[in-house]
Peer 1: 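I have a structure here, written as structure tokens, and I will follow up with some questions on it.
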Amino acid sequence: MLAGNLRGSTGFGRATLSFMTGEGRVVMQVYCRIEVVVDDPVAVAEQAVQTLREAGIDWSAERDTLEEAVAEIREDLSQALASLVEPDRMLQGVLKTQVRGGRWWAEPGAPAERFTPGFGEPDSPPSRPVP
């Protein structure tokens, strides 16, 4: 299996072909770390602001006002970038799948130890070279 090959022998559990019997629903967890180089932080912030303005949020039910949220996004590149991530699009067009939720964030600098390539120990080589 591709996922098993990408992880190497990390000891993580995996869904094998036994799920193909059609015996009910299988819930999977997808873990991902993406490195993004931002050449124009202002452009990222403005895209995030535009997306926020077009989101159709009922601001009367929110803690902040639209303008407070816009100001916060313009001041925080990590928040602006994270707000542009759309997990629902990851499996868009894949029949019989549903993204039920998740947690994501952005932060500057080197990857956190728990998110090293291959999800191995921080000093171990990645199980798959990153191009």
Side-chain angles (χ1 to χ4, degrees):
M1 292 180 74
L2 180 59
N5 289 339
L6 292 178
R7 287 193 303 239
S9 57
T10 60
F12 292 116
R14 63 180 190 199
T16 62
L17 291 181
S18 62
F19 74 88
M20 301 286 276
T21 62
E23 296 176 9
R25 182 179 268 194
V26 177
V27 176
M28 303 292 295
Q29 304 297 318
V30 177
Y31 299 99
C32 180
R33 181 182 68 82
I34 302 169
E35 183 173 277
V36 177
V37 176
V38 177
D39 291 323
D40 188 347
V42 173
V44 170
E46 290 309 310
Q47 179 65 47
V49 166
Q50 179 182 346
T51 301
L52 180 64
R53 290 185 187 278
E54 295 171 355
I57 295 171
D58 176 9
W59 288 98
S60 66
E62 296 296 321
R63 182 178 50 140
D64 296 333
T65 66
L66 172 60
E67 292 312 314
E68 289 170 332
V70 164
E72 197 172 315
I73 283 176
R74 285 188 172 139
E75 293 174 8
D76 186 346
L77 178 60
S78 295
Q79 185 174 349
L81 185 61
S83 75
L84 294 171
V85 174
E86 296 182 37
D88 291 341
R89 292 183 62 196
M90 182 174 68
L91 296 173
Q92 188 174 17
V94 179
L95 298 176
K96 305 289 184 174
T97 64
Q98 172 190 18
V99 176
R100 297 193 312 185
R103 182 169 184 245
W104 62 96
W105 65 92
E107 57 191 18
E113 283 186 15
R114 68 184 186 278
F115 291 109
T116 57
F119 297 96
E121 293 300 316
D123 295 330
S124 68
S127 56
R128 178 176 174 210
V130 178

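For the single chain, residues carry numbers from 1 onward in sequence order. Only this structure's heavy atoms are used, side chains among them; waters, hydrogens and symmetry mates stay out.
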Peer 1: Would you give the length of the straight line joining atom CG of Leu91 to atom CE of Met28, rounded to the nearest 0.5 angstrom?
Peer 2: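 It comes to 11.0 Å.
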
Peer 1: State, to 0.1 Å, how close Ala45 and Ala80 come at their nearest heavy-atom pair, and which atoms those are.
Peer 2: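 Closest approach of Ala45 to Ala80, heavy atoms only: CA-CB, 4.0 Å.
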
Peer 1: Side chains of Glu54 and Gln50: donor-acceptor distance under 3.5 Å anywhere?
Peer 2: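 Side-chain D/A pair, Glu54 to Gln50: present.
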
Peer 1: Looking only at heavy atoms, what is the nearest atom pair of Arg63 and Glu68, with distance?
Peer 2: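 Here Arg63 and Glu68 meet closest at O-OE1, 4.5 Å.
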
Peer 1: Under the criterion side-chain contact (heavy atoms from CB on, under 4.5 Å), I'd like the reasoning laid out for Val27 against Arg100: C-alpha separation, chi angles, the key distance, then a yes or no.
Peer 2: CA-CA 10 Å; Val27 176; Arg100 297 193 312 185; 3.7 Å; yes

Peer 1: Please determine if Arg53 and Glu46 form a salt bridge, counting it only when a charged side-chain N lies under 4.0 Å from a carboxylate O.
Peer 2: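 Salt bridge flag = no for Glu46 with Arg53.
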
Peer 1: First locate atom CG of Leu52, then atom CD of Glu72, and finally report the distance between them rounded to the nearest 0.5 Å.
Peer 2: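 Leu52 atom CG to Glu72 atom CD measures 10.0 Å (nearest 0.5 Å).
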
Peer 1: Taking all non-hydrogen atoms of both residues, which atom of Pro87 and which atom of Val99 are closest, and how far apart?
Peer 2: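 Reported closest heavy-atom pair: O-CG2, 3.7 Å.
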
Peer 1: How many angstroms lie between CG in Leu77 and CD in Glu107, if you round to the nearest 0.5 Å?
Peer 2: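 If I round to the nearest 0.5 Å, the distance is 12.5 Å.
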
Peer 1: Indicate if Ile57 and Leu66 have the same hydrophobic cluster label, given that clusters are the connected sets of ILVMFWY residues with side-chain heavy-atom separations under 4.5 angstrom.
Peer 2: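 Same hydrophobic cluster.
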
Peer 1: Distance check, rounded to the nearest 0.5 Å: Leu84 atom CG versus Trp104 atom CH2?
Peer 2: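 Result: 11.5 Å between the selected atoms.
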
Peer 1: For Ala48 and Ile73, work out which heavy atoms get closest and say how close.
Peer 2: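 The answer is CB-CG2, 3.6 Å.
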
Peer 1: Quick one: closest heavy-atom pair of Trp59 and Asp64, and the distance?
Peer 2: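 So the two residues come closest at CE3-O, 3.3 Å.
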
Peer 1: Could you give me the CA-CA distance, side-chain angles and deciding distance for Leu81 and Val85, then say whether side-chain contact (heavy atoms from CB on, under 4.5 Å) is met?
Peer 2: CA-CA 7 Å; Leu81 185 61; Val85 174; 5.6 Å; no

